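Just so it is clear, the structure is predicted and the values come from calculations on it, not from any experiment. Here is the naming used below: chain letters follow the sequence lines, and residue numbers restart at 1 for every chain. What's counted below: heavy atoms across the whole structure, side chains too, no hydrogens, waters or symmetry copies.
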Amino acid sequence: KQEVTQIPAALSVPEGENLVLNCSFTDSAIYNLQWFRQDPGKGLTSLLLIQSSQREQTSGRLNASLDKSSGRSTLYIAASQPGDSATYLCAASLWEYGNKLVFGAGTILRVKS
Amino acid sequence: DAGVIQSPRHEVTEMGQEVTLRCKPISGHNSLFWYRQTMMRGLELLIYFNNNVPIDDSGMPEDRFSAKMPNASFSTLKIQPSEPRDSAVYFCASSLGHNSPLHFGNGTRLTVT
């Protein structure tokens, strides 16, 4: 059974800092690894999707890496801004069901101005 | 693109009543998912449709829960009879194929008293 763990559970940083969010998964037979952002009272917004054959994906100030062999992914946020404050969730897609995702509990990020 | 549309946004009902949640996926997306989010259990996949056919309903908690997708542009999740422990935020999401990001609606917050 796939289990996804995110560390830390919460993080508070001053504006401008670079930061790393961690995600680990127990079953390396994944189809892809997805990172989402959730603002209070809202649904999830897709940030990055890394296919199992890829090592990383970048979008603006965000960079996500994937190491299937060790069961880990990281989300790097450069030059953090108060608008980055949200909950960040990673999700692993199970192989046999393609886009069936198992979610981690999320990291609550607060960027202080 | 209007995104995934869910209704109602909030639902308050008494125990024993029937509840129907509605979802309109993004046009052209062939996969649809119903998730439930609670503080205790995080995001849980309830059921997954591909091309309007239920592929995996192993996450549906009990026979009180049922979901339908009569056509590519509409899905419902029904709870009958509802119980207080069903209180949660229910999300619908859609995607275009196995290796595409999930797009979430803003959710329905269900409170069963």
B:Arg9, part contacting chain A, at a heavy-atom distance under 4.5 Å = side chain
Proximity breakdown for B:Leu45 and chain A, heavy-atom pairs closer than 4.5 Å = side chain
query = Under 6.0 Å between the ring centres of B:Phe104 and A:Phe36?
reply = yes
When the side chains of residues 103-113 of chain A are checked against the rest of the protein, which donor-acceptor pairs come out under 3.5 Å, sequence neighbours left out?
residue, atom, partner, partner atom, Å
A:Thr107, OG1, A:Pro8, O, 2.5

Heavy-atom proximity to chain A below 4.5 Å, by part of B:Gln6 = neither
query = Does the pair A:Arg61/A:Asp84 count as a salt bridge with the N-to-O cut at 4.0 Å?
reply = yes
Under 3.5 Å, which donor-acceptor pairs do the side chains of residues 39-51 of chain A form with other protein atoms, sequence neighbours left out?
residue, atom, partner, partner atom, Å
A:Asp39, OD1, A:Arg37, NE, 3.4
A:Asp39, OD1, A:Arg37, NH2, 3.0
A:Asp39, OD2, A:Arg37, NE, 3.1
A:Gln51, OE1, B:Asn99, ND2, 3.1

